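Bear in mind the structure is a predicted one, so any value in this text is a computation, not a measurement. Letters go in sequence order (proteins before strands), and every chain restarts at 1. Both backbone and side-chain heavy atoms feed into the values below; hydrogens, waters and symmetry mates do not.
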Amino acid sequence: METRGHSLTRLALRAKGVGKDFNRRPVFRDLTFEVSSGEALAVTGKNGAGKSTLLKILSGLLTPTKGRVTYHADGSITDLDVLRPRMGFVSPYLQLYDEFSASENLDVLSRIRSTDHVSQPKVESLFRIFNLWHRRHDDVRTFSSGMKQRLKYILALAHDPLVLFLDEPTANLDEDGADAVRTIALEVQQSSILVVATNDEREAAWCGKRIHVGP
Amino acid sequence: MSALSSTYAVVVKDVQSELRTRYALNALVMFVVTTVSIILFALRGDQPSNTVLAGMFWVVVFFTSMSGLSRAFVSEEERGTSLTLQLIASPSVIYFGKLLFNVFLTLTLVFGVTIVYTVVFPGFTIQSLDIFLATVFLGSLGLASAATIIAAIIAKANTRGTLYPVLSFPILIVLLMTVMSATVKSLDGEPFSEAMGDVVVLISYCMVMTAGSFLLFDYVWKD
């Protein structure tokens, strides 16, 4: 992941010749694409094709075996450490702190992010949209998997992400939760970069661009 | 400034989490109680020399810290929260946050063991407080520094329990020999100048271990 530059006014995510091997077994090879602020990219493919792996590479959680991923703002490469506080990720792989309440999780993670983009009205609005306002002071250990998934959305959206990664976006969610996610996905891609990894054709249809991984 | 506040936030998060879950604290307290009890049974009222007392003091601190300090990364890995941390903070923020938490935990441990030793062993009388404080502070820093990077390495492995003391011993042997030597001098009541050599070794060890761990951490933490 290249790191330099600072401005974040208009962002572009560029992947060039990206490939990933695990124990010398290739997961995918030679992926090249670009997605900018105001656009959404659907990553599709069968189970095990490497959709989640690609999202981890794009977010800097994994290093590609080949190729490179860069973020550009106003033509220059942007430092990942500068971008990190404005990145959102919802995935079954990302876990929360069970010993903290929902609002404490948000507070703790926001302080570690060092972000000043979290406003109290926005937080309250997100808790209400995802129907967790009445449970915000309860420990996460008492939450169902669907409620944890809703909380992950609140954590990912509270700091107005410039890049939002959604891995299996409606997994564990009921109909109301899935509707809320769809509305937010369409809203976020008006100004930010949205990348969605999914097998569901309806979720892929949220996005204007599409890339298929695997055979 | 934001890196400093993020590092501080990691330390506060770990302290709050530890106070609620007692992942490390319970292990530390039980280990101290068990080992000191065994030593008491073995001595049967005999009065050991200062060399033996200093050796036993750091043996208890070493094995107790081995049982507790690894939790800094192992608990994140076991709960699946390490990816969340990777996403929101840079490796340097995580490393220094975990290091400071482990230093805090080790200093608490050493303070507790010192009180227990002073109460249980009448011969454990600190004659040179300056040497003892310098030894305890630098020893805790060195121990925490080595323990933090080893914990990050073994958190990714399947055989965590076995690997931790096995990897730690060769790395910590220099530190342990030096702190034991300095502790004997503090119990014997020697002047600080006599312990300068040990203090210099401890400072060098802390600098090398912290710098080396910081450089290595990025590779250990990411993939």
Side-chain angles (χ1 to χ4, degrees), chain A residues 1 3 20-23 52-53 55-65 79-101 104-116 139-141 148 151-152 155-156 158-159 161 163-165 167, chain B residues 1-26 71-101 155-158 214 216-223:
Chain A
M1 183 82 57
T3 59
K20 184 69 182 174
D21 297 354
F22 282 124
N23 298 326
S52 300
T53 301
L55 258 62
K56 285 181 186 172
I57 289 172
L58 298 179
S59 62
L61 290 174
L62 277 180
T63 309
T65 311
D79 193 324
L80 186 64
D81 282 342
V82 173
L83 190 59
R84 207 187 302 272
R86 302 294 302 277
M87 217 178 242
F89 204 132
V90 179
S91 162
Y93 297 107
L94 296 174
Q95 300 300 325
L96 307 165
Y97 290 97
D98 281 353
E99 66 274 23
F100 294 136
S101 70
E104 283 172 336
N105 262 283
L106 178 64
D107 188 42
V108 162
L109 297 178
S110 297
R111 275 189 279 132
I112 295 175
R113 269 186 211 271
S114 258
T115 181
D116 53 1
D139 281 358
V140 169
R141 78 176 88 240
K148 285 181 182 174
L151 181 56
K152 287 179 193 176
L155 298 174
H159 56 283
V163 191
L164 180 63
F165 297 99
D167 189 359
Chain B
M1 198 61 196
S2 71
L4 280 179
S5 60
S6 293
T7 304
Y8 177 69
V10 172
V11 179
V12 171
K13 188 272 292 176
D14 276 356
V15 171
Q16 286 176 338
S17 178
E18 185 55 44
L19 289 174
R20 292 189 191 186
T21 60
R22 309 280 166 91
Y23 269 121
L25 273 178
N26 284 348
R71 304 303 306 177
F73 284 104
V74 172
S75 67
E76 301 279 4
E77 204 66 40
E78 284 175 352
R79 291 184 292 178
T81 48
S82 56
L83 267 184
T84 309
L85 280 183
Q86 281 180 43
L87 185 75
I88 62 172
S90 65
S92 57
V93 163
I94 301 300
Y95 172 73
F96 282 112
K98 296 289 184 186
L99 173 63
L100 288 175
F101 173 71
K156 308 277 183 191
N158 292 325
F214 174 65
L216 184 64
F217 185 73
D218 205 4
Y219 301 98
V220 174
W221 177 238
K222 205 167 179 185
D223 282 340

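- Within the 4.5 angstrom heavy-atom criterion, only side-chain atoms of B/E76, from C-beta onward, approach chain A.
- Contacts of B/R22 classified as salt bridge (Lys or Arg N to Asp or Glu O under 4.0 Å), with partners at least two apart in sequence or in another chain: none.
- Summarising the geometry, atom CG belonging to A/N105 is positioned 10.0 Å from atom NZ belonging to B/K13; distances are rounded to the nearest 0.5 Å.
- Of the possible polar contacts, none joining the B/R79 side chain to the A/L96 backbone as a donor-acceptor pair under 3.5 Å is found.
- The distance from the CD atom of B/Q86 to the CG atom of A/L62 is 8.0 Å, given to the nearest 0.5 Å.
- Here the straight-line distance linking atom CZ of A/R141 with atom CZ of B/R20 works out to 9.0 Å at 0.5 Å rounding.
- Considering every non-hydrogen atom in both B/S2 and A/S114, the closest pair reads O-OG, 3.0 Å.
- Rounding to the nearest 0.5 Å gives a distance of 10.0 Å between OG1 of B/T7 and CD1 of A/I112.
- For chain B, the option among A/R111, A/R84, A/M87 with the highest count of heavy-atom pairs below 4.5 Å is A/R84.
- The salt bridge (Lys or Arg N to Asp or Glu O under 4.0 Å) search around A/R113 returns none, not counting sequence neighbours.
- Side chain of B/T84 to main chain of A/L94: no donor-acceptor pair is present (N/O by atom type, distance under 3.5 Å, no hydrogens or angles).
- The candidate with the highest count of non-hydrogen atom pairs below 4.5 Å against chain A, out of B/V10, B/V93, B/V12, is B/V10.
- Neither the backbone nor the side chain of B/I94 comes within contact range of chain A; no heavy atoms are under 4.5 Å apart.
- For the atom pair A/F89 CZ and B/L87 CG, the distance stands at 7.0 Å (nearest 0.5 Å).
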